[in-house]
Amino acid sequence: MEGMPSALPDGEPVPEDGSLPAPALAGAADRPLGFYLHVPYCATRCGYCDFNTYTATELRGTGGVLASRDNYADTLIDEVRLARKVLGDDSREVRTVFVGGGTPTLLAADDLVRMLGAIRDEFGLAADAEVTTEANPESVDERYLATLREGGFNRISFGMQSAQQHVLKVLDRTHTPGRPEACVAEARAVGFDHVNLDLIYGTPGESDDDWRSSLEAVLGAGPDHVSAYALIVEEGTQLARRIRRGEVPMTDDDVHADRYLIADEVLGAAGYEWYEVSNWATSRAARCLHNELYWRGADWWGAGPGAHSHVGGVRWWNVKHPGAYAGALAAGRSPGAGREVLSEEDRRVERILLELRLREGVPLALLRSAGLVAAGRALGEGLLEAGPYGEGRAVLTLRGRLLADAVVRDLVD
């Protein structure tokens with residue numbers, strides 16, 4: 001699941017009215033605008049999760065009625081209206097909307113539709129807007145999905161993680177094997193244009209055969225998009241504590257690399273093409289446009305507790321706790337906890353960090369002299385494609401994708 005990391009960075013204060021520096025809106029008409037809507041609720045706490053999410057037990061007594069799931073949609077709609085005020089006469093229609101969590105589908109389907117409706121009312125949606133929600137396979141049925149589709153959602157992302165029960169158990173996932181695949185069929189039946197399945201590889205106790213069987217289950221379900229992420233064990237999570245106690249083994253980087261190669265082989269043979277290091281799609285139309293906004297440094301407003309936003313080189317983030325978030329909006333204040341204004345150098349480095357992960361790569365013209373030397377070395381080591389390099393772009397090879405973080409570190413020098 002996309003989620004919002006639980007730790008917030010430091011930054012300067014956000015004005016109470018949420019106003020942005022004037023330069024942030026300069027040239028806005030030339031940049032796509034998206035919305036990320038964060039729903040911070042989960043039925044249970046997954047052992048590997050470090051996102052800004054809360055179960056009912058964790059919220060009890062800490063946020064009162066303000067943190068209630070029942071009125072969350074109204075609270076989030078208040079932030080959408082704040083966004084309209086802050087962006088003023090910005091005439092852009094919204095190109096993408098992505099509802100993530102947490103588990104957005106713990107809210108009533110009508111609530112998600114109302115949240116989308118607020119964006120439509122305040123900003124307008126582009127005629128070909130991509131509208132996605134994440135979903136837990138056990139928290140939806142065909143009627144729920146039909147309500148979303150009728151309400152304007154046209155893309156859905158199901159958290160599958162694995163097809164193996166023993167792997168799901170280590171991850172503390174609650175769905176039963178086979179349910180995510182059934183969800184794909186139900187989403188297709190009610191008219192969803194695009195469906196994604198999310199996978200995690202490298203879970204302690206997972207074998208190569210387990211991973212291959214999960215990939216085969218995905219292919220059998222027939223989504224047009226697949227995301228596959230290496231399990232990252234975050235400090236402070238239940239899984240990290242279990243590993244430290246020796247209850248489950250830590251998975252090493254070589255196993256992660258092997259699993260990635262298996263994924264690329266199996267998905268590639270079935271007609272899925274990688275377009276970002278961890279994402280494969282059956283066509284350009286099947287790519288996740290919202291994530292491409294992130295990777296290409298476009299503008300997006302993140303609404304919800306702990307959500308991050310970026311407009312015109314200004315990045316800000318909201319207070320984490322649902323009660324504090326709702327309280328700020330109820331008092332007529334921005335829920336922003338801090339912000340930073342990116343320098344030209346910050347933005348150059350971020351472009352390299354993000355765009356190198358894309359199939360189209362990053363222009364060599366963005367690199368400084370040391371980065372250009374590093375790029376030449378990476379080319380010689382088979383980490384960058386020769387053809388695109390000759391045309392002025394750094395594009396990762398398959399081996400380069402395995403070492404993407406290291407390649408990026410060298411290129412940003």
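No hydrogens, no waters, no symmetry mates; every other heavy atom, side chains included, goes into these values. Fair warning: this is a prediction, and the values are worked out from it, not measured in the lab.
Among residues at least two apart or in separate chains, side-chain hydrogen bond (donor to acceptor under 3.5 Å, both in side chains) pairs with a member in residues 325-337 are Glu79-Tyr325. Pairs engaging residues 24-34 under the salt bridge (Lys or Arg N to Asp or Glu O under 4.0 Å) rule: Arg31-Asp299 [sequence neighbours left out]. Listed by first then second residue, pairs satisfying salt bridge (Lys or Arg N to Asp or Glu O under 4.0 Å) with a partner in residues 181-190 read Arg179-Glu186, not counting sequence neighbours. Evaluation of the side-chain hydrogen bond (donor to acceptor under 3.5 Å, both in side chains) test over residues 266-279, restricted to residues two or more places apart or in two chains, returns His225-Tyr275, Ser227-Asn279, Glu276-Asn279, Glu276-Arg357. Annotation: side-chain hydrogen bond (donor to acceptor under 3.5 Å, both in side chains) contacts involving residues 366-388, sequence neighbours excluded, comprise Glu345-Arg368. For residues 303-316, the pairs satisfying salt bridge (Lys or Arg N to Asp or Glu O under 4.0 Å) are Arg315-Glu340, Arg315-Glu350, with sequence neighbours left out.
For the pair Glu216/Val266, a side-chain contact is recorded, criterion being any heavy-atom separation below 4.5 Å from C-beta on. When side chains are defined from C-beta on, Arg155 counts as touching Cys288, because their heavy atoms get closer than 4.5 Å. At least one side-chain heavy atom of Leu358 sits less than 4.5 Å from a side-chain heavy atom of Arg296. A heavy-atom distance below 4.5 Å is not found between the side chains of Val218 and Pro180. Looking at heavy atoms from C-beta onward, Leu398 lies in side-chain contact with Leu261 at the 4.5 angstrom threshold.
In this structure, Tyr201 and His256 have perpendicular ring planes: the angle between them is above 60°, well past the 30° mark.
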(request) Given side-chain contact (heavy atoms from CB on, under 4.5 Å), test Asp198 with Val226 step by step and report yes or no. (result) CA-CA 6 Å; Asp198 263 345; Val226 179; over 6 Å; no
(request) Please step through side-chain contact (heavy atoms from CB on, under 4.5 Å) for the pair Leu289 and Thr132, ending with a clear verdict. (result) CA-CA 10 Å; Leu289 297 180; Thr132 305; over 6 Å; no
(request) Would you please test Thr103 and Val39 for side-chain contact (heavy atoms from CB on, under 4.5 Å) and show each step? (result) CA-CA 7 Å; Thr103 305; Val39 178; over 6 Å; no
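How far CG of Leu33 is from CG of Leu87: 6.5 Å, rounded to the nearest 0.5 Å. Distance SG/Cys183 to CG/Leu197: 9.0 Å, rounded to 0.5 Å. With rounding to the nearest 0.5 Å, the separation of CG in Leu342 from CZ in Arg347 is 6.5 Å. Here the CD1-CZ distance, from Ile200 to Arg259, works out to 13.0 Å after rounding to the nearest 0.5 Å. Going from atom OH of Tyr389 over to atom CG of Leu384 covers 7.5 Å, rounded to the nearest 0.5 Å. Distance CG/Leu367 to CG/Leu372: 5.0 Å, rounded to 0.5 Å.
Applying the side-chain hydrogen bond (donor to acceptor under 3.5 Å, both in side chains) test to Glu344 and every residue at least two apart in sequence or in another chain returns nothing. With sequence neighbours excluded, no residue satisfies side-chain hydrogen bond (donor to acceptor under 3.5 Å, both in side chains) with Asp410. Every residue two or more places apart in sequence or in another chain was checked for a salt bridge (charged side-chain N to carboxylate O under 4.0 Å, His left out) with Asp17, and none qualifies. Partners of Glu122 according to the side-chain hydrogen bond (donor to acceptor under 3.5 Å, both in side chains) rule, which considers only residues two or more places apart in sequence or in another chain, do not exist here. Residues meeting the side-chain hydrogen bond (donor to acceptor under 3.5 Å, both in side chains) test with Trp280, sequence neighbours left out: Asp264.
When all heavy atoms of Pro21 and Arg339 are compared, the pair lying nearest together is CD-NH1, 3.8 Å. Closest approach of Pro305 and Pro322 over heavy atoms only: CG-CA, 3.8 Å. Heavy-atom minimum distance, Ala217 versus Ala163: CB-CB, 3.9 Å. Closest approach of Val195 to Ala187, counting heavy atoms only: CG2-CB, 4.1 Å. The two residues Leu76 and Ala303 have their closest heavy-atom pair at CD1-O, 3.7 Å. Scanning both residues, Leu199 and Ser162, for their nearest heavy atoms gives CD2-N, 4.3 Å.
Aromatic pair Tyr41/Tyr72: ring centres closer than 6.0 Å.
One N or O on the side chain of Asn318 and one on the backbone of Gly304 form a donor-acceptor pair closer than 3.5 Å. With hydrogens and angles disregarded, no donor-acceptor distance shorter than 3.5 Å links the side chain of Arg351 to the backbone of Val362. For the pair His194 (side chain) and Ile156 (backbone), a donor-acceptor distance under 3.5 Å is absent. The backbone N or O of His290 lies less than 3.5 Å from a partner atom in the side chain of Glu130, making a donor-acceptor pair. Checking side-chain atoms of Arg84 against main-chain N and O of Gly88 turns up a donor-acceptor pair under 3.5 Å. Counting only distance, with no hydrogens or angles, the side chain of Glu134 and the backbone of Gly101 share a donor-acceptor pair below 3.5 Å. Arg149 contributes a side-chain N or O that, together with a main-chain N or O of Phe153, makes up a donor-acceptor pair within less than 3.5 Å. Of the possible polar contacts, one joining the Asn154 side chain to the Val131 backbone as a donor-acceptor pair under 3.5 Å is found. Listed for the Ser343 side chain is a donor-acceptor partner under 3.5 Å among the backbone atoms of Asp346.
Screening Phe35, Tyr294, Tyr36 for a ring-ring contact (aromatic ring centres under 6.0 Å, His included) involving Trp300 leaves a single residue, Tyr294. None of Trp316, Trp317, Phe123, Phe98 except one satisfies the ring-ring contact (aromatic ring centres under 6.0 Å, His included) rule with Trp301; the exception is Trp316.
A donor-acceptor contact closer than 3.5 angstrom is absent between the side chains of Asp78 and Thr75. For the residue pair Asp224 and Thr282, no side-chain donor N or O sits within less than 3.5 Å of a side-chain acceptor on the partner. Between the side chains of Thr176 and Glu138, at least one donor-acceptor pair of N or O atoms lies under 3.5 Å.
Ion pairing between a basic and an acidic side chain is recognised when a charged N comes within 4.0 Å of a carboxylate O; Glu360 and Arg393 show no such pairing. Ion pair Arg143/Asp141 not flagged as a salt bridge, since none of the NZ, NE, NH1 or NH2 atoms sits closer than 4.0 Å to an Asp/Glu carboxylate oxygen.
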For residues 104-113, tabulate all N or O donor-acceptor pairs below 3.5 Å that involve a side-chain atom, not counting sequence neighbours.
residue	atom	partner	partner atom	Å
Thr105	OG1	Asn136	N	3.3
Thr105	OG1	Ser139	OG	2.5
Asp111	OD1	Arg114	NH2	3.3

